[in-house]
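Heads up: the structure comes next, in structure tokens.
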Amino acid sequence: MAFAFDPHPTPTVAIAGSTDRIPVRRIFCIGRNYAAHAREMGKDPDRDPPFFFLKPADAVVDDGATLPYPPQTENFHHEAELVAVIGTGGRNIAEGEALGHVWGYAVGNDLTRRDLQLKARDQGRPWDLGKGFDRSAPIAPVHPVSKVGHPATGAIRLTVNGEVRQDADLAELIWSVPEMISILSHSMELKPGDLIMTGTPAGVGPLVPGDVCVVSIEGLGDLTTTIGPRA
């Protein structure tokens, strides 16, 4: 069999302290998983069933990158997030066994064309263009569970040009990592290389060309992204 055109390279994310990389299969994201962020988005933070959306695997961007300000938006936002990386796949994973499927954790930024997202939301349409655009998933090097364990508490913070915009604790997650893994696995089979962006705290806000955005999670280090001129 021959391909009609060359296959695209496999998207990957870095591993902390290694030259090896992790192939990315899918990127799952959960919506409104911190109560204060749900409120700032005008939604009830009660523990309703969670909802998920996806970004394309090739939206990943390494730490230290300069990204062009994306097209078709006037309201480009940052969202600091903990990222869980699946290393062992499965279906119908029990919550009590879910952490055994995690290979490691990383710092992420769920970049969002907020105006497009909100327009789609208000029209009852999918969020794809607001969330799944090119270079919308900066992710720092992944730390193996063998070295960092399973962070369930600790500061998660985001600064823009040194000014703190988001400042919370992982303990404030409405739905925990084991719960998210179990719920997703009852909907579809998880496989190695699936990434789960676990939600953002309150304080999301705009980025403009020239901004330097730094996401920090206690025990996992920093993720730095610079915003360049418009694409």
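- Looking at Glu74 and Arg230, a side-chain N of the basic residue comes within less than 4.0 Å of a carboxylate O on the acidic one, giving a salt bridge.
- Nearest approach of Ala106 to Ile139, heavy atoms of both residues: CB-CG2, 3.9 Å.
- Inter-residue side-chain proximity for Ile93 and His101 is flagged as met; some heavy-atom pair is nearer than 4.5 Å.
- Of all heavy-atom pairs between Tyr69 and Pro209, the closest is CD1-CD, 3.6 Å.
- Residues Thr12 and Val60 form no side-chain contact, since every pair of their non-hydrogen atoms from C-beta on lies 4.5 Å or further apart.
- Judged by distance alone, with hydrogens and angles left aside, the side-chain atoms of Asp58 form no donor-acceptor pair with the main-chain N or O of Pro11 at under 3.5 Å.
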Would you check, one step at a time, whether the test side-chain contact (heavy atoms from CB on, under 4.5 Å) holds for Leu173 with Glu179?
CA-CA 11 Å; Leu173 284 168; Glu179 289 172 319; over 6 Å; no

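- Atom CD of residue Glu81 and atom SG of residue Cys29 lie 6.0 Å apart, to the nearest 0.5 angstrom.
- Remark: Ala155 engages Arg157, Glu218 in a side chain to side chain contact (heavy atoms under 4.5 Å, CB included) (not counting sequence neighbours).
- Cluster annotation: Val215 and Tyr105 are assigned to the same hydrophobic cluster (Ile/Leu/Val/Met/Phe/Trp/Tyr, side-chain heavy-atom contacts under 4.5 Å, transitive).
- Remark: the backbone N or O of Ala94 is not paired with any side-chain donor or acceptor of Ser182 at under 3.5 angstrom.
- Linking Ile, Leu, Val, Met, Phe, Trp and Tyr whenever their side-chain heavy atoms come within less than 4.5 Å leaves Phe28 and Val24 in two separate clusters.
- Residues Lys131 and Met197 fail the side-chain proximity criterion, which asks for heavy atoms closer than 4.5 Å.
- Judged by distance alone, with hydrogens and angles left aside, the side-chain atoms of Glu172 form a donor-acceptor pair with the main-chain N or O of Asp169 at under 3.5 Å.
- A single hydrophobic cluster is seen to contain both Ile30 and Ile217, as judged by linkage of ILVMFWY side chains at heavy-atom distances under 4.5 Å, directly or through other members.
- At a threshold of 4.5 Å between non-hydrogen side-chain atoms, the residues Leu207 and Leu111 count as touching.
- Remark: Leu158 CG to Glu163 CD distance equals 10.5 Å, nearest 0.5 Å.
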Applying side-chain contact (heavy atoms from CB on, under 4.5 Å) to Tyr34 and Leu170, what does each step give before you reach the verdict?
CA-CA 9 Å; Tyr34 288 79; Leu170 297 176; 3.7 Å; yes

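- For Asp63 (side chain) and Thr224 (main-chain N/O), a donor-acceptor pair under 3.5 Å exists by modelled atom type.
- From Gln166, atom CD reaches atom OG of Ser216 across 11.5 Å, with rounding to the nearest 0.5 Å.
- Within the 4.5 Å cutoff, side-chain heavy atoms of Lys55 are placed close to those of Asp110.
- Looking at Val61 and Thr225, their side chains never come closer than 4.5 Å, going by heavy atoms from C-beta outward.
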Begin with the C-alpha distance, continue with both residues' side-chain angles, and end with the deciding distance and a verdict on side chain to side chain donor-acceptor pair (under 3.5 Å) for Arg113 and Thr73.
CA-CA 6 Å; Arg113 296 194 285 197; Thr73 184; 5.8 Å; no

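- Residues Ser185 and Gly90 share a closest heavy-atom pair of CB-O, 3.9 Å.
- Using a 30° and 60° split on the angle between ring planes, Phe76 and Phe133 fall in the perpendicular class, above 60°.
- Residues Val85 and Val145 do not share a hydrophobic cluster, defined by chaining ILVMFWY side chains whose heavy atoms lie under 4.5 Å apart.
- The backbone N or O of Cys213 sits nowhere less than 3.5 Å from a side-chain atom of Asp211 that would complete a donor-acceptor pair.
- One distance of note links CZ of Arg25 with CG of Asp194; it measures 5.0 Å at 0.5 Å rounding.
- At a threshold of 4.5 Å between non-hydrogen side-chain atoms, the residues Leu220 and Val148 count as touching.
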Is there a side chain to side chain donor-acceptor pair (under 3.5 Å) between Gln117 and His77 once you walk through the steps?
CA-CA 11 Å; Gln117 180 206 12; His77 276 209; over 6 Å; no

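- Of all the heavy atoms in Pro144 and Val142, the pair that sits closest is CD-O, 3.8 Å.
- Remark: Glu189 CD is packed, more than 12 non-hydrogen atoms of other residues, nucleotides or ligands lying under 6.0 Å away.
- Two rings, from Phe51 and Trp127, have their centers less than 6.0 Å apart.
- Side-chain N or O atoms of Thr198 include one that pairs as donor or acceptor with a backbone N or O of Leu82 at under 3.5 Å.
- Interatomic distance, OG1 of Thr10 versus CD1 of Ile22, reported as 13.5 Å (0.5 Å rounding).
- Arg26 CZ to Leu190 CG: the interatomic distance, rounded to the nearest 0.5 Å, is 6.5 Å.
- A continuous path of ILVMFWY side-chain contacts below 4.5 Å connects Trp103 to Val83, so both sit in one hydrophobic cluster.
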side-chain contact (heavy atoms from CB on, under 4.5 Å) between Val177 and Ile196, worked out
CA-CA 9 Å; Val177 171; Ile196 303 173; over 6 Å; no

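- In this structure, Val107 and Asp222 have side chains that are not in contact, with every pair of non-hydrogen atoms separated by 4.5 Å or more.
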